[in-house]
Undergrad: 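My questions will all concern the structure given below.
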Amino acid sequence: MVIDWSRIESLVDMNDPEDLVWLKEMIVSLNENMLVRIQSLREKMEKKDQKELQSELHQIKGVAANFGLALLSQIVIKAEADAKAG
């Protein structure tokens, strides 16, 4: 996954051990959260729940942007636009 490291570096001091521990915890949490969101996306697509699908994609887009996940953000932006278009 393409990562915008400048975004990550804006969140923490890469030379501060406490910040690095926090970052590691956040990455573990992000991974767990994304696994739940992927399952949620599957369920919403199976139900063809367009409004809920758009909402889930919007939330993923925000998380991706906050953590500098540039490629994921681009993919989700397109998926959100496709969901809005039906």
Side-chain angles (χ1 to χ4, degrees):
M1 185 171 301
V2 177
I3 298 172
D4 177 359
W5 285 103
S6 66
R7 178 64 185 136
I8 298 297
E9 291 170 352
S10 76
L11 298 172
V12 296
D13 177 352
M14 298 300 274
N15 296 313
D16 182 337
E18 290 181 14
D19 277 7
L20 293 177
V21 168
W22 175 84
L23 179 60
K24 182 178 178 182
E25 291 170 357
M26 292 305 298
I27 290 170
V28 168
S29 177
L30 172 66
N31 185 50
E32 292 169 354
N33 180 276
M34 280 296 143
L35 292 173
V36 170
R37 291 191 181 278
I38 289 168
Q39 181 60 37
S40 179
L41 282 174
R42 285 184 182 128
E43 292 168 4
K44 288 168 176 53
M45 287 189 301
E46 286 172 4
K47 292 179 183 176
K48 299 186 189 309
D49 189 337
Q50 184 177 353
K51 186 174 181 175
E52 288 297 316
L53 180 60
Q54 285 176 255
S55 176
E56 189 72 39
L57 289 166
H58 185 77
Q59 290 177 36
I60 293 170
K61 179 177 69 176
V63 170
N66 285 335
F67 281 92
L69 304 175
L71 182 58
L72 178 59
S73 183
Q74 292 172 2
I75 291 167
V76 176
I77 288 169
K78 181 176 181 341
E80 186 180 19
D82 290 348
K84 284 179 183 178

Undergrad: For Glu43, enumerate each residue passing the side-chain contact (heavy atoms from CB on, under 4.5 Å) test, keeping only those at least two apart in sequence or located in another chain.
TA: Gln39
Undergrad: Looking only at heavy atoms, which two atoms of Leu20 and Met14 are closest? And how far apart?
TA: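 It is CD1-O, 3.3 Å.
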Undergrad: Hey, what do you get for NE2 (His58) to NZ (Lys84), rounding to the nearest 0.5 Å?
TA: 7.5 Å
Undergrad: For residues 63-74, tabulate all N or O donor-acceptor pairs below 3.5 Å that involve a side-chain atom, not counting sequence neighbours.
TA:
{"from": "Asn66", "atom 1": "ND2", "to": "Gly62", "atom 2": "O", "distance (Å)": "3.3"}

Undergrad: Test of understanding: with side chain to side chain donor-acceptor pair (under 3.5 Å), list the residues that count as partners of Asp13, not counting sequence neighbours.
TA: none
Undergrad: List for me each residue that meets side-chain contact (heavy atoms from CB on, under 4.5 Å) alongside Ala83, sequence neighbours excluded, and say none if there are none.
TA: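 Checked Ala83 against side-chain contact (heavy atoms from CB on, under 4.5 Å); matches are Leu53, Gln54, Leu57.
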Undergrad: How would you list, by chain and number, every residue that makes a salt bridge (Lys or Arg N to Asp or Glu O under 4.0 Å) with Arg7, sequence neighbours excluded?
TA: none
Undergrad: Would you please name every residue forming a side-chain contact (heavy atoms from CB on, under 4.5 Å) with Ser55, sequence neighbours left out?
TA: Gln59
Undergrad: Once salt bridge (charged side-chain N to carboxylate O under 4.0 Å, His left out) is applied, what residue pairs with a partner in residues 15-36 remain, sequence neighbours excluded?
TA: none
Undergrad: Can you hop from Leu41 to Ile77 via hydrophobic side chains spaced under 4.5 Å?
TA: no
Undergrad: Linking I/L/V/M/F/W/Y whenever any side-chain heavy atoms sit under 4.5 Å apart, do Leu30 and Ile38 land together?
TA: no
Undergrad: Could I get the full list of salt bridge (Lys or Arg N to Asp or Glu O under 4.0 Å) partners for Asp82, not counting sequence neighbours?
TA: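 So Asp82 forms a salt bridge (Lys or Arg N to Asp or Glu O under 4.0 Å) with Lys78.
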Undergrad: Taking a hydrophobic cluster as the set of Ile, Leu, Val, Met, Phe, Trp and Tyr residues connected by side-chain heavy atoms closer than 4.5 Å, whether directly or through intermediates, do Met26 and Trp5 fall within one such cluster?
TA: yes
Undergrad: Measure the spacing between CG of Asn33 and CD1 of Ile27 and express it to the nearest 0.5 Å.
TA: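 It comes to 13.5 Å.
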Undergrad: Among residues two or more places apart or on two chains, list those pairs meeting salt bridge (charged side-chain N to carboxylate O under 4.0 Å, His left out) that have a residue in residues 57-71.
TA: Lys61-Glu80
